[in-house]
A.B. asks: 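Pasting in a structure now, in structure tokens, and then I'll have a few things to ask.
Letters A, B, ... are given to chains in the order of the sequence lines, protein chains preceding strands, and every chain is numbered from 1. Worth knowing before you read on, the calculation uses all heavy atoms, side chains too, and leaves out hydrogens, waters and symmetry mates.
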Amino acid sequence: MKLRNAALMLALVALLIGASVMPNATSRSGGIDSTLESSVEANGCACHGGDASSSVGLSLNTPANFTAGETYTLTITMESSIANDGENQGGFFLSTTQGSLASGDNSTQLIDGYLTHTTTGNDQRSWNVSWTAPSDDTRIADFTLYGNSVNGNGASDVDGSDQWNRATFAVHGANAVVGPHEISDLRKALYLSLVVIGTLAAVVVGNRVVSTGQSVEEVFGDYWTYLKPWLTTTDHKQIGLLYIGTGLFFFFVSGLLAMAMRFQLMEPDNDFMTNTQFNSTFTMHGTTMVFLAGMPIIFGFANYLVPLQIGARDLAFPRLNALSYWLLPTGAIVIYAGYFTGGAGDVGWTGYVPYSSGERSTSPGTDLWVAGQIMLGASSTLTAINFVTMIMRMRAPGVTLMRMPLFTWSITVAVFLLLLAIPVFTVALILLFADRTFGSLYFSVEAGADPILWQHLFWYFGHPEVYILILPAFGVISDVVATFARRPIFGYTSMVYAMASIGLISYVVYAHHMFTAGADPLFRFFVMLTTMLVAVPTGVKIFNWLATLMGGSITTNTAMLFSLGAIATFTIGGITGIVVASIPMDIHLHDTYFVVAHFHYVLIGGTLFGFFSGIYYWFPKVTGRFMDEKLGLAHFLTSFFGFHAAFYPMHILGMMGMPRRYATYDASMAELNEFVSYSAFFFGAVQLLLVWNILRSWNGGEKAGADPWGGWSLEWTTSSPPPHNSFTEIPTLQVADSSVDEEHESTSTSAPTAGEESTS
Amino acid sequence: MSLVGDLLSLPIPTSWEAFSDGPLSLSQQVFYWSVIITIFVFGWLAYAVYQYRRKEGDPDPPDAPKAGVFPAERADHTIELAWTIGPLLLVCWITWLSLGPLDDYWDVDQGDEMTVQVLARQWSWEFTYEDGSTTYGTLELPPDTRVKFELESEDVIHSFYLPAFGIKEDVVPNTTTATWFDTGTVAPGTYPIYCAEYCGDGHSDQMLGEVIITGTAA
Ligand code: HEM
Ligand SMILES: [Cu+2]
Ligand SMILES: [Cu+2]
């Protein structure tokens, strides 16, 4: 009995082994016959070397476009590291979705509609075949090519001495329309949400029609009377709120994109997104956060507050201001329209040429990305002019330059940076637009252009831009810290000079983003030195904030906590800035997750936390009501710890060498990445606490007076919310009597003469 | 490695050890200074917030801000000067330290090296050796050798990144860039090659390559 069982088992095992070995045992020197067709399509040439290997380079010289019915000669070329110049060099398998293939000579043969090599063709690594295009030139022909390069021993080797690879090629018909056939998942999600929003809107309108007995026109009329002031306003306060609302909206949109990226990076080799989708996602995330969330939130605050803080009734050019605002949603729609053209822009927020200038592999939405960015550039330029004029010309009596609140000072420096920086970027974008659309050659490598030119233009703007994003947050933190410590800011004058020098230095450091691009060593050394110098005024600011707390009477409510949290987090971001400013270390860390960690520490930890603080601080001014402190505290604690959990590990990933803008990573980094992803989901989710708090407190919060926190600047002298023209009477800024200040000698004593002309 | 172990690790590439020896090397010093400054700032912050917290019924300090009144300047020039000059000296020191390794790093042609031509394209690496042979994606190098790379690109910008050596150099069309490393600084074995400059669809997978340092000298 036992023997019989054993024999049976043995026979079974032998059968199994036989079955698995059988098809592999013979090499296919005579081509891939039809019994193997489906196996090749499913597994590739797995008999030769296991998985596909990138060491085999496959190319197919397809025409750029095909004309209906025409016959083309295609050359298949295989480049491989497997040395062999004798017999049995390799073979291929080529199939197409459109038109018909035919054998070119006796080295290839047609079987079942696909082409493969013959015994003769087995001795070469390049084959000529012919392809007749379909009669319908609106189609896209997809070619799938498998090639294996073998070592010539006539057997199929799985030990790596044979290698194979797969490649696909698409040839568009002369009149092919790209896109509409394949709907990407992202577009499906977008359509779905549009349908949901549309349905909800219909339900809301329908409900009102039914329950109030009004006609549909009357209901829409009601909405219109509510909406019209917002659509036509030139009032700085309303435009400010529009900016902040738009900014917060895009903050959440871009946050969703970030969640999608972290979902893809939950595990190595995830297939949640294709590479192209991932590339579009990080491009749109970065672009949105910088230009559609960060800048709008900042300029929303600036719009609302700066006129109030300097005692002006509005900006210098209110209608121009409205134009600046409306260019923002327009630009945003143009940029996001990319999703409807078969893939949003995929060139990164930095849009490096020649990748972005040649249409060879960018997504079609890149054109819209460029166009939308040009609009945003115009918007920012106009805003800068508007603010510079207002701050220089429209200050109330007593508000001299050196008596402006630090938030206003930070905006002053930021708009000067903006005025000098953003036009350069806009011009670069226009050149890029011309290259992509009209075929000019500014960035064309084939025509001999220097690809580094773009990087100079971009970072000449890009580095000041990051300071445009952080300086206003410094301003918010300065105002908040002084108010809740109940002491004047320590070293007001040095704070102003620190910001101004940060602004100046930021124009001579930009090449620290290009340390590995092969610039002249002396130039790189100079940039390293200037970059390091930025840390000095930055340090002064941090120390001044800390000194402000000394001898104070500190209330730690949500606004204050976010400011203190921003100081702590920004300190780490500043330190990692110094780490990447050191060239030897940056050579390793550049374009890895370490840099990603650095700029999220400064941008989330500094800018975002700073402006969260600003939201909690100025909410009572805007609405006349306090935000909920319990929810606020929960929001701070979860955001602060969620943030550090999500971003601290990125420093380590970067040092391990995980490059940024990668849709996958080495398996050894899986645990950290998974942890980062979960923390990021948590951080993203708790931001809803802020939305909930704003919605709830807008009409339902506890009532607040004109100066609920005891701040000194002029916005606290007007009612909450401020009246239509901001001030019933233009205020005069008084100056504190120095005798109450027992601690320090250096004080300003002169009281301003009423109506003193404020000039720069 | 466990998650906690990963979180606490400081994975410094082996090549950084060459920055100079011992605990005073560039990377170590940058690390120590970072920790010192962080502790200083966090400590001060925590101390101030705790020490000067507002208690029930506390009066405002005499110079507390009042609406519409610009507060009297609060300053102490000595201490402000101190925390301007202190950081200034520190960053100058770190810049000075950073220059040391650069001398060596930027000195690509020292005469005794083996040269490999690197050609990058969308999306593969092609390596051509001194004997004219070529490999794709896999770079095979002898141990204990100074290897110089001459980098060229066929299409867009790529970046030749070898994390194990801390080496990264952009590959720029229309120019030749160069970098080098000494295979003696790591143990024989297989290490990854990445492309660190975003170059399109194949950037994160098709540009993956490996460098094999063989066990015995060629
Ligand atoms: C002490 C101050 C700072 C220093 C010394 C510094 C230094 C640097 C350096 C050298 C890089 C280039 C790293 C690389 O790509 O290899 C960098 C990247 C970056 N920094 Fe900073 N930084 C500082 C502060 C800031 C601030 C305040 C912000 C913005 C709020 C910021 C935002 C960024 C961003 C967005 C990048 C990455 C850009 C990109 O490649 O996409 N940095 N920083
Ligand atoms: Cu920078
Ligand atoms: Cu790349």
A.B. asks: Examine whether an atom of A:Tyr648 lies under 4.5 Å from a heavy atom of chain B, and if so say whether it belongs to the side chain, the backbone or both; otherwise answer neither.
C.D. replies: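 Only the side chain of A:Tyr648 comes within 4.5 Å of chain B.
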
A.B. asks: Using modelled atom types only, decide if a donor and an acceptor are shared between the side chain of A:Asp346 and the backbone of B:Gly200 within a distance under 3.5 Å.
C.D. replies: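 No, A:Asp346 side chain to B:Gly200 backbone: no donor-acceptor pair under 3.5 Å.
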
A.B. asks: Checking heavy atoms, do the side chain of A:Met495, its backbone, both or neither come under 4.5 Å from chain B?
C.D. replies: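 Looking at A:Met495, nothing touches chain B.
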
A.B. asks: When the aromatic ring centroids of B:Tyr198 and A:Tyr352 are compared, is their separation below 6.0 Å?
C.D. replies: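 Here the rings of A:Tyr352 and B:Tyr198 have centres that are no less than 6.0 Å from each other.
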
A.B. asks: With a 4.5 angstrom heavy-atom cut-off, could you sort out which part of B:Ile79 is near chain A: side chain, backbone, both or neither?
C.D. replies: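 Only the side chain of B:Ile79 comes within 4.5 Å of chain A.
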
A.B. asks: Let me know if A:Leu529 has heavy atoms under 4.5 Å from chain B in its side chain, its backbone, both or neither.
C.D. replies: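 Interface part for A:Leu529: both.
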
A.B. asks: Measure the spacing between CZ of A:Phe278 and OG of B:Ser204 and express it to the nearest 0.5 Å.
C.D. replies: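 Separation between the atoms: 7.0 Å.
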
A.B. asks: Are B:Asp205 and A:Asn275 close enough, and set up right, to give a side-chain hydrogen bond (donor to acceptor under 3.5 Å, both in side chains), and what steps lead you there?
C.D. replies: CA-CA 9 Å; B:Asp205 44 24; A:Asn275 283 354; 3.0 Å; yes

A.B. asks: With a 4.5 angstrom heavy-atom cut-off, which part of A:Ile542 approaches chain B: side chain, backbone, both or neither?
C.D. replies: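 For A:Ile542, the side chain is the part near chain B, not the backbone.
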
A.B. asks: Please look at B:Thr134 and chain A and tell me whether the side chain, the backbone, both or neither of the residue comes under 4.5 angstrom of a heavy atom of that chain.
C.D. replies: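 Backbone of B:Thr134 only, per the 4.5 Å heavy-atom cut-off to chain A.
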
A.B. asks: Under 3.5 Å, is there a donor on one side chain and an acceptor on the other for A:His590 and B:Tyr161?
C.D. replies: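 Absent: no donor and acceptor within the cut-off.
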
A.B. asks: First locate atom OH of A:Tyr492, then atom CD of B:Glu73, and finally report the distance between them rounded to the nearest 0.5 Å.
C.D. replies: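 Result: 8.5 Å between the selected atoms.
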
A.B. asks: For the pair B:Tyr194 and A:Tyr662, name the ring-plane relationship: parallel under 30°, tilted 30 to 60°, perpendicular over 60°.
C.D. replies: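 Judged by the thresholds at 30° and 60°, the geometry between B:Tyr194 and A:Tyr662 is perpendicular.
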
A.B. asks: Can you tell me which portion of A:Phe543 sits under 4.5 Å from chain B's heavy atoms? Options are side chain, backbone, both or neither.
C.D. replies: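 Contact with chain B is through both the backbone and side chain of A:Phe543.
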
A.B. asks: Given a strict heavy-atom distance threshold of 4.5 Å, which part of B:Val30 is in contact with chain A: side chain, backbone, both, or neither?
C.D. replies: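 The side chain, not the backbone.
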
A.B. asks: Is it the side chain or the backbone of A:Pro731 that comes within 4.5 Å of chain B heavy atoms, both, or neither?
C.D. replies: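 Contact with chain B is absent: no heavy atom of A:Pro731 under 4.5 Å.
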
A.B. asks: Please rank A:Pro649, A:Ala663, A:Ala547, A:Gly311 by heavy-atom pairs under 4.5 Å with chain B and give me the top one.
C.D. replies: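 With the most close heavy-atom pairs to chain B, the winner is A:Ala547.
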
A.B. asks: Check each atom of A:Thr548 against the heavy atoms of chain B and say whether the ones under 4.5 Å are side chain, backbone, both or neither.
C.D. replies: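 For A:Thr548, backbone and side chain are both near chain B.
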
A.B. asks: Is B:Glu169 close to chain A through its backbone or its side chain, or both, or neither, when contacts mean heavy atoms under 4.5 Å?
C.D. replies: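 Contact with chain A is through both the backbone and side chain of B:Glu169.
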
A.B. asks: Got a second to check how far B:Arg53's CZ is from A:Thr556's OG1, nearest 0.5 Å?
C.D. replies: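 That separation rounds to 10.0 Å.
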
A.B. asks: Return the CD to OG1 distance between A:Gln163 and B:Thr138, rounded to the nearest 0.5 Å.
C.D. replies: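 One gets 7.5 Å once the value is rounded to the nearest 0.5 Å.
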
A.B. asks: Of the backbone (N, CA, C, O) and the side chain (C-beta and beyond), which part of A:Ala449 lies under 4.5 Å from a heavy atom of chain B, both, or neither?
C.D. replies: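 Looking at A:Ala449, just its backbone touches chain B.
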
A.B. asks: Side chain, backbone, both or neither: which part of A:Ala482 has a heavy atom under 4.5 Å from chain B?
C.D. replies: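 The backbone, not the side chain.
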
A.B. asks: Can you say whether B:Gln51 sits under 4.5 Å from chain A via the side chain, the backbone, both, or neither, judging by heavy atoms?
C.D. replies: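 For B:Gln51, no heavy atom lies under 4.5 Å from chain A.
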
A.B. asks: Step by step, would you call B:Phe160 with A:Thr516 a side-chain contact (heavy atoms from CB on, under 4.5 Å)?
C.D. replies: CA-CA 10 Å; B:Phe160 183 60; A:Thr516 62; over 6 Å; no

A.B. asks: Side chain, backbone, both or neither: which part of B:Tyr47 has a non-hydrogen atom closer than 4.5 Å to chain A?
C.D. replies: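 Side chain only.
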
A.B. asks: What part of B:Phe40 lies closer than 4.5 angstrom to a heavy atom of chain A: side chain, backbone, both or neither?
C.D. replies: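 Side chain only.
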
A.B. asks: Would you mind checking if B:Asp63 and A:Arg487 are paired as a salt bridge, meaning a charged N to carboxylate O distance below 4.0 Å?
C.D. replies: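 Salt bridge between A:Arg487 and B:Asp63, a charged N being under 4.0 Å from a carboxylate O: yes.
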
A.B. asks: Show the numbers, then the answer: is there a side-chain contact (heavy atoms from CB on, under 4.5 Å) between A:Phe525 and B:Thr95?
C.D. replies: CA-CA 9 Å; A:Phe525 159 68; B:Thr95 310; 4.1 Å; yes

A.B. asks: Which region of A:Ile572, side chain (C-beta onward) or backbone (N, CA, C, O), has a non-hydrogen atom less than 4.5 Å from a non-hydrogen atom of chain B, or is it both or neither?
C.D. replies: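 Only the side chain of A:Ile572 comes within 4.5 Å of chain B.
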
A.B. asks: Evaluate side-chain contact (heavy atoms from CB on, under 4.5 Å) for A:Ser553 paired with B:Asp58, printing each intermediate quantity in order.
C.D. replies: CA-CA 8 Å; A:Ser553 176; B:Asp58 273 2; 4.1 Å; yes

A.B. asks: If you take all heavy atoms of B:Gly166 and A:Ile587, which pair is closest and at what distance?
C.D. replies: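 Answer, listing the atom of B:Gly166 first, then A:Ile587: O-CG2, 3.5 Å.
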
A.B. asks: Considering only heavy atoms, which portion of A:Asn544 lies under 4.5 Å from any heavy atom of chain B: side chain, backbone, both, or neither?
C.D. replies: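 Both parts, backbone and side chain.
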
A.B. asks: Given heavy-atom pairs under 4.5 angstrom as the criterion, report whether the side chain, backbone, both or neither of A:Ile452 touches chain B.
C.D. replies: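 Contact with chain B involves the side chain of A:Ile452 alone.
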
A.B. asks: So do the side chains of A:Met514 and B:Asp170 get within less than 4.5 Å of each other, counting heavy atoms only?
C.D. replies: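 Answer no - side chains too far apart.
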
A.B. asks: Tell me, please, which residues at least two apart from B:Arg54 pass salt bridge (charged side-chain N to carboxylate O under 4.0 Å, His left out).
C.D. replies: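 Listed in chain order: B:Asp60.
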
A.B. asks: Apply side chain to side chain contact (heavy atoms under 4.5 Å, CB included) to A:Thr483 and list each qualifying residue two or more places apart in sequence or on a separate chain.
C.D. replies: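 Side chain to side chain contact (heavy atoms under 4.5 Å, CB included) check on A:Thr483 returns A:Arg486, A:Tyr617, A:Trp709.
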
A.B. asks: State the NZ-CD1 distance between B:Lys55 and A:Ile554, to the nearest 0.5 angstrom.
C.D. replies: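 Nearest 0.5 Å value for the NZ-CD1 distance: 10.0 Å.
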
A.B. asks: Just how far is it from atom CH2 of B:Trp44 to atom CD1 of A:Ile567, taken to the nearest 0.5 Å?
C.D. replies: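 The CH2 atom of B:Trp44 sits 10.5 Å away from the CD1 atom of A:Ile567.
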
A.B. asks: Between A:Leu533 and B:Leu88, does the side-chain contact (heavy atoms from CB on, under 4.5 Å) criterion hold? Intermediate values first, please.
C.D. replies: CA-CA 7 Å; A:Leu533 292 182; B:Leu88 183 68; 3.6 Å; yes

